[in-house]
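Below: the structure, in C-alpha cells.
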Amino acid sequence: MKYTSPRDKAGYYQIVWQVARLIPSGKVSTYGDLAAFIPAPEGKDYRSYRAFGARWVAGAIKNCPDDVPWHRVINSQGRISLRGAAHEQQRKLLEAEGVAFDERDRVDLNVYRWIGPDTGLDDSRLGR
DNA sequence: TCCTTGACTCAGA
DNA sequence: CTCTGAGCCAAGG
C-alpha cells in the first residue's frame, strides 16, 4: 500500500479499507487506531495527523465498499458513533460476532480491541 | 470566499 | 461518568 499525498483522498480511502478488512470477526478497532496505522503526511506532526486522521477514516468507513466490515470500527470510547436504526444494526452485527456490550452500550476495548497486523499498535505509538 | 458540519479525540472541570 | 472547548481536515451551501 502506497500513500503519497495528503490530498490523495482516493488513495487514503483505499488504505483505510484495506486495513479495516484485516480486522478479525469478534474484534473491533477505532477510527484513531486505524489512522495510526497509516503514515502521517509530510509536513504534519503526529499530533495534527492523529486529529485529522480519525475524521478521514470516518469518512472512508462511511463510504466503504460492501466487503469492508465497517461495523467493527467504533470510536475511541468503545461506543458506536451512530444514532437511530443504524446504531442498533451495528450493535447487532457485533453481538452476532461475540462482542459484548455493557449496560451503558459500551465495548470493553481492553478485551475486544484489535491490535493490528504483527508490528501492531502499542500505547507508545498511539501517543498515550 | 466565508461559515457550518461531521460515523473524531483528548484534556480538563 | 458526563459535558465542554479546542484542534484538525474536507466537503457543501
Side-chain angles (χ1 to χ4, degrees):
Chain A
M1 62 173 92
K2 184 57 181 164
Y3 172 47
T4 56
S5 166
R7 311 292 181 193
D8 183 8
K9 191 179 73 170
Y12 189 90
Y13 276 23
Q14 287 190 17
I15 294 176
V16 172
W17 297 335
Q18 192 169 328
V19 175
R21 277 189 274 255
L22 298 176
I23 304 174
S25 174
K27 289 287 184 180
V28 298
S29 190
T30 71
Y31 301 102
D33 281 356
L34 293 185
F37 281 117
I38 303 167
E42 290 182 23
K44 299 203 183 306
D45 55 57
Y46 183 80
R47 201 163 174 288
S48 298
Y49 171 65
R50 185 160 172 46
F52 99 88
R55 289 201 162 163
W56 266 27
V57 169
I61 295 299
K62 183 166 60 176
N63 299 302
C64 73
D66 296 334
D67 64 324
V68 175
W70 59 273
H71 59 281
R72 295 181 191 139
V73 183
I74 57 182
N75 63 34
S76 67
Q77 297 170 31
R79 288 182 179 164
I80 292 174
S81 299
L82 291 171
R83 304 175 196 177
H87 183 290
E88 285 300 313
Q89 183 188 6
Q90 181 167 15
R91 175 169 172 157
K92 277 192 169 185
L93 286 170
L94 289 174
E95 292 182 320
E97 296 181 347
V99 176
F101 285 75
D102 64 16
E103 55 284 341
R104 294 195 202 71
D105 253 29
R106 275 194 320 180
V107 171
D108 185 347
L109 292 178
N110 291 311
V111 176
Y112 301 104
R113 183 184 180 200
W114 176 60
I115 307 300
D118 61 38
T119 80
L121 295 175
D122 55 44
D123 290 354
S124 65
R125 185 172 176 185
L126 286 175
R128 290 174 189 161

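The analysis underlying the following values was restricted to heavy atoms, covering all of them including side chains, and did not include hydrogens, waters or symmetry mates. Below, chains carry the letters A, B, ... as their sequence lines are ordered, and counting in each starts from 1.
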Atom-pair distance ([atom1] on [X]; [atom2] on [N]), nearest Å:
X: A/Ile61; N: B/dT9; atom1: CD1; atom2: C1'; result: 16 Å
X: A/Asn63; N: B/dG6; atom1: CG; atom2: P; result: 15 Å
X: A/Arg79; N: C/dC1; atom1: CZ; atom2: C1'; result: 8 Å
X: A/Gln77; N: B/dA7; atom1: CD; atom2: P; result: 15 Å
X: A/Ile74; N: B/dT9; atom1: CD1; atom2: C1'; result: 14 Å
X: A/Asp33; N: B/dT9; atom1: CG; atom2: P; result: 9 Å
X: A/Arg83; N: B/dG6; atom1: CZ; atom2: P; result: 7 Å
X: A/Trp70; N: B/dA7; atom1: CH2; atom2: C1'; result: 9 Å

Query raised in the report: What distance do A/Tyr13 atom OH and A/Ile61 atom CD1 have between them, rounded to the nearest 0.5 Å?
Result: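 One finds 10.0 Å between OH of A/Tyr13 and CD1 of A/Ile61.
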**Report entry** Separation of A/Glu88 CD from A/Leu93 CG (nearest 0.5 Å)
**Finding:** 11.0 Å
Query raised in the report: Expressed in whole Å, how much space separates the P atoms belonging to B/dA7 and C/dG7?
Result: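 It works out to 22 Å between them.
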Query raised in the report: Given A/Val73, which of A/Ile23, A/Val68, A/Val19 fulfils the side-chain contact (heavy atoms from CB on, under 4.5 Å) condition?
Result: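 That would be A/Ile23.
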For the side chain of [X], counting heavy atoms from C-beta on, which of [options] is nearest?
X: A/Asn75; options: B/dC8, B/dA7, C/dT2; value: B/dC8
X: A/Arg55; options: B/dT9, B/dA7, C/dC9; value: C/dC9
X: A/Thr30; options: B/dT9, C/dC1, B/dC8; value: B/dT9

Determine: side-chain N/O of [X] to OP1/OP2 of [N], distance under 4.0 Å, yes or no.
X: A/Ser76; N: B/dC10; value: yes
X: A/Arg106; N: C/dC1; value: yes
X: A/Arg91; N: B/dA7; value: no

Query raised in the report: Does some side-chain heavy atom of A/Ile80 sit less than 4.5 Å from a side-chain heavy atom of A/Asp105?
Result: no
